[in-house]
Amino acid sequence: MAFGWAWDSLARQLPLRVTAGTFFLSSGLSKLGADEATAEGLHQFAATTYPFLGEQDAQKFVRLLSAGELAIATALLVPIVPAAVAGAAVTAFSVGTLGLYLRTPGMREEGSLRPTEQGIALAKDVWLLGIGVSLLVDGVNGRGCHRRQRRHRCHR
């Protein structure tokens, strides 16, 4: 029963971790063999919103993006990685994609947060922010409890 709190926590996090983890795994794997045109397109899109990325080679950018997505997938799908660590990674990534959505012209309807047809692909990443923050909160709450009190105070 000493580890009951850990199993309760993992069971609660499992749907979030598997859903987001498989998404990141698929996305990261799809970018591994990106051709030059795909790499250029992704790089140009990101560099338009985040100009500091423009100095980087397009192929290198896509390799790093792929590696980052695969690292996040691993953090989510390997249950020994603490929820707060996985949640922080997902939250940081989603803030970046939502920044693209908010700052790129044509992604939103004029004067609104509602996405245009082109913006839907990025706007839907708000669910990643929710998953990341949920994992962060769960990880921080579980860590902040004393061992004897975890079951009663943190996992009601």
Side-chain angles (χ1 to χ4, degrees), residues 1-34 38-39 42-43 45-53 55-56 59-104 107-108 112-115 118-156:
M1 196 62 152
F3 293 105
W5 63 270
W7 291 113
D8 291 347
S9 183
L10 181 60
R12 188 174 51 256
Q13 296 167 10
L14 196 60
L16 299 175
R17 292 178 80 131
V18 170
T19 302
T22 54
F23 171 82
F24 276 103
L25 181 63
S26 175
S27 185
L29 289 174
S30 72
K31 289 178 182 74
L32 275 179
T38 302
L42 287 169
H43 179 250
F45 181 64
T48 300
T49 302
Y50 300 113
F52 69 91
L53 295 173
E55 301 170 11
Q56 198 168 70
Q59 285 290 343
K60 182 178 180 181
F61 168 77
V62 172
R63 280 193 307 272
L64 289 172
L65 180 59
S66 174
E69 289 177 336
L70 292 172
I72 294 170
T74 301
L76 287 163
L77 295 172
V78 176
I80 61 169
V81 175
V85 172
V90 173
T91 299
F93 187 91
S94 67
V95 165
T97 59
L98 290 173
L100 284 169
Y101 171 70
L102 293 171
R103 297 174 63 191
T104 303
M107 295 290 118
R108 297 179 294 123
S112 171
L113 287 176
R114 288 188 63 179
Q118 297 81 15
I120 290 174
L122 288 174
K124 67 173 180 49
D125 284 355
V126 72
W127 63 270
L128 287 175
L129 180 62
I131 289 172
V133 170
S134 294
L135 289 170
L136 260 172
V137 168
D138 196 44
V140 169
N141 278 341
R143 198 175 288 171
C145 295
H146 297 293
R147 183 168 271 198
R148 280 182 288 142
Q149 298 172 332
R150 279 187 178 144
R151 184 178 175 122
H152 299 293
R153 195 170 77 190
C154 295
H155 302 289
R156 290 182 189 204

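For the single chain, residues carry numbers from 1 onward in sequence order. Please read all numbers here as calculations on a predicted model, not as lab measurements.
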- prompt: Do the side chain of Thr22 and the main chain of Thr19 share a donor and acceptor less than 3.5 angstrom apart?
  reply: yes

task: Provide the closest heavy-atom pair for Ala46 versus Phe61 in the form atom of the first, atom of the second, distance.
output: CB-CZ, 3.6 Å

field: Point-to-point distance, once rounded to the nearest 0.5 Å, from CG of Leu135 to CZ of Arg12
entry: 10.0 Å

- prompt: Is there a donor-acceptor pair under 3.5 Å between the side chain of His43 and the backbone N or O of Lys60?
  reply: no

message: Side chains of Phe23 and Trp127, heavy atoms from C-beta outward: is any pair under 4.5 Å?
response: yes

message: Just verifying a value: how many Å separate Leu14 CG and Leu76 CG, rounded to the nearest 0.5 Å?
response: 11.0 Å

task: Determine whether Phe24 and Thr74 make a side-chain contact, defined as any pair of heavy atoms from C-beta on separated by less than 4.5 Å.
output: no

Backbone of Val78 reached by a side-chain donor or acceptor of Arg17 within 3.5 Å: yes

message: Would you say that Leu70 contacts Leu29 through its side chain, given a criterion of any heavy-atom pair below 4.5 Å between the two side chains?
response: yes

- prompt: Backbone N or O of Gly87 within a donor-acceptor pair of the Thr91 side chain at under 3.5 Å?
  reply: yes

- request: Keeping the roles fixed (side chain from Thr104, backbone from Tyr101), state whether a donor-acceptor pair exists under 3.5 Å.
  value: no

task: May I ask you to test the Thr97-Leu129 pair for a side-chain heavy-atom distance under 4.5 Å?
output: no

task: May I ask you to decide if Arg103's main-chain N or O and Thr49's side chain share a donor-acceptor pair within less than 3.5 Å?
output: no

message: Looking at every heavy atom in both Ala86 and Ala75, which two are closest together, and how far apart are they?
response: CB-O, 3.7 Å

query: Nearest heavy-atom pair of Leu100 and Met107: which atoms, and what distance?
result: O-CG, 4.2 Å

- request: Please confirm whether the backbone N or O of Leu102 pairs with a side-chain atom of Arg108, one donor and one acceptor, at under 3.5 Å?
  value: yes

task: Measure from the side-chain N and O atoms of Thr38 to the backbone N and O of Ala34, and report whether any donor-acceptor pair falls under 3.5 Å.
output: no

- prompt: Minimum heavy-atom separation for Ser94 to Leu128, with atom names?
  reply: CB-CB, 3.7 Å

query: Going by the salt bridge (Lys or Arg N to Asp or Glu O under 4.0 Å) test, which pairs reach into residues 69-86, not counting sequence neighbours?
result: Lys31-Glu69

statement: Correct closest heavy-atom pair for Asp125 and Leu98 would be C-CD2, 4.2 Å

field: Any Pro115 side-chain heavy atom under 4.5 Å of Leu122 side chain
entry: no

query: Between CG of Leu65 and CG of Leu53, what distance do you get to the nearest 0.5 Å?
result: 9.5 Å

- line: Smallest heavy-atom separation, Ala73 atom then Leu25 atom, equals CB-N, 3.5 Å

